[in-house]
Amino acid sequence: MNAEVSLVLQRKYEQLQQLADDPSAQISQVFEKSLQYVRRFSRYQNPDAVKQVREVLTRNQLHEFEVCVIGNLCPETVEEAKALVPSITKRGRMDDEKIETMLTDLATIKKFE
C-alpha cells in the first residue's frame, strides 16, 4: 500500500539526512519525487494505523493485489469495493456482510487516526 511505502521511504529519507555530509548519501530526485507521491496519496499517515489496516485486510484473507487496491482507494460502500475488486466475491470468498464489516473496520481506523 502507498502508506506502507511512505513509511519505508520516510525512514530511509531520515537516514540519508543524517548522512548529509557524505557525498555517497545524496538524495536523488527520483527518490524525492517517489516520497512526495506516496505521501500525497497515502490514506493513512500514522504507522500504527497502517499496521492495523494491513491486519484487517489480511485477516479477511485478501490477496496482496486486493489488499493494495482496497488499502489505497478506501472504498466506502460494499458496491464500490466489489466494483474495484470483483475478485473478492469470486467463489464465495466474501459475502456482502463480511465486506461491510471490513469496510467499517477500515473507516474506524481512519476516523481515529
Side-chain angles (χ1 to χ4, degrees):
M1 295 183 301
N2 287 340
E4 293 171 317
V5 174
S6 178
L7 294 174
V8 171
L9 291 182
Q10 182 61 41
R11 198 168 295 133
K12 183 66 175 173
Y13 181 79
E14 291 167 2
Q15 290 173 349
L16 292 172
Q17 288 291 86
Q18 292 175 353
L19 301 171
D21 297 334
D22 185 2
S24 67
Q26 293 295 319
I27 300 171
S28 73
Q29 187 175 11
V30 172
F31 182 90
E32 288 181 359
K33 293 288 184 185
S34 299
L35 181 57
Q36 288 173 4
Y37 175 87
V38 292
R39 278 183 184 163
R40 183 174 192 182
F41 293 106
S42 293
R43 301 288 180 143
Y44 305 93
Q45 306 302 322
N46 181 322
D48 291 330
V50 174
K51 184 177 178 182
Q52 289 175 335
V53 167
R54 171 62 76 167
E55 288 172 1
V56 166
L57 295 173
T58 54
R59 177 178 357 137
N60 286 288
Q61 300 176 345
L62 297 177
H63 297 289
E64 192 65 27
F65 167 77
E66 297 165 336
V67 168
C68 291
V69 171
I70 293 173
N72 287 338
L73 299 179
C74 300
E76 295 179 4
T77 65
V78 172
E79 292 77 23
E80 189 179 357
K82 290 191 311 188
L84 292 170
V85 189
S87 60
I88 62 175
T89 58
K90 299 276 189 207
R91 291 183 230 114
R93 285 182 49 214
M94 293 183 78
D95 59 12
D96 287 358
E97 185 178 316
K98 197 170 181 182
I99 296 169
E100 180 66 38
T101 302
M102 177 183 66
L103 296 178
T104 302
D105 291 347
L106 294 176
T108 302
I109 293 168
K110 182 67 177 162
K111 182 178 177 181
F112 292 108
E113 179 178 28

Show, in sequence, the C-alpha distance, side-chain angles and deciding distance for Met102 and Val56, and conclude whether the side chain to side chain contact (heavy atoms under 4.5 Å, CB included) test is met.
CA-CA 7 Å; Met102 177 183 66; Val56 166; 4.0 Å; yes

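- Placement of Tyr37 and Tyr13 within a single hydrophobic cluster is found when ILVMFWY residues are connected by side-chain heavy-atom separations under 4.5 Å, directly or transitively.
- Classification of Glu113 and Lys51 as a salt-bridged pair fails, no side-chain N sitting under 4.0 Å from a carboxylate O.
- For Lys98, the NZ atom is densely surrounded, since the number of other residues' heavy atoms within 6.0 Å is greater than 12.
- Residues Leu73 and Phe41 do not share a hydrophobic cluster, clusters being chains of Ile/Leu/Val/Met/Phe/Trp/Tyr side chains in contact below 4.5 Å.
- Phe112 and Leu57 are not part of a single hydrophobic cluster, where members link through side-chain heavy atoms under 4.5 Å apart.
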Apply side chain to side chain contact (heavy atoms under 4.5 Å, CB included) to residues Gln17 and Ile27 and explain how you reach the verdict.
CA-CA 8 Å; Gln17 288 291 86; Ile27 300 171; 3.2 Å; yes

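- Taking 4.5 Å as the limit, some side-chain heavy atom of Arg59 sits within range of a side-chain heavy atom of Asp105.
- Leu9 and Val50 are not part of a single hydrophobic cluster, where members link through side-chain heavy atoms under 4.5 Å apart.
- Enclosure of atom CD in Gln15 by more than 12 non-hydrogen atoms of other residues, nucleotides or ligands within 6.0 angstrom is indicated.
- Judged by distance alone, the side chain of Asn60 and the main-chain N or O of Leu62 form no donor-acceptor pair under 3.5 Å.
- When side chains are defined from C-beta on, Ile99 counts as touching Thr89, because their heavy atoms get closer than 4.5 Å.
- In summary, the side chains of Gln10 and Glu14 do present a donor paired with an acceptor at a separation below 3.5 Å, with no hydrogens or angles considered.
- Note on Lys82 versus Glu79: no salt bridge recorded, every NZ/NE/NH1/NH2 to OD/OE distance being 4.0 Å or above.
- Counting non-hydrogen atoms of other residues, nucleotides and ligands closer than 6.0 Å to CD of Glu32 gives a total above 12.
- Considering only heavy atoms from C-beta on, Leu84 stays 4.5 Å or farther from Ile70 through its side chain.
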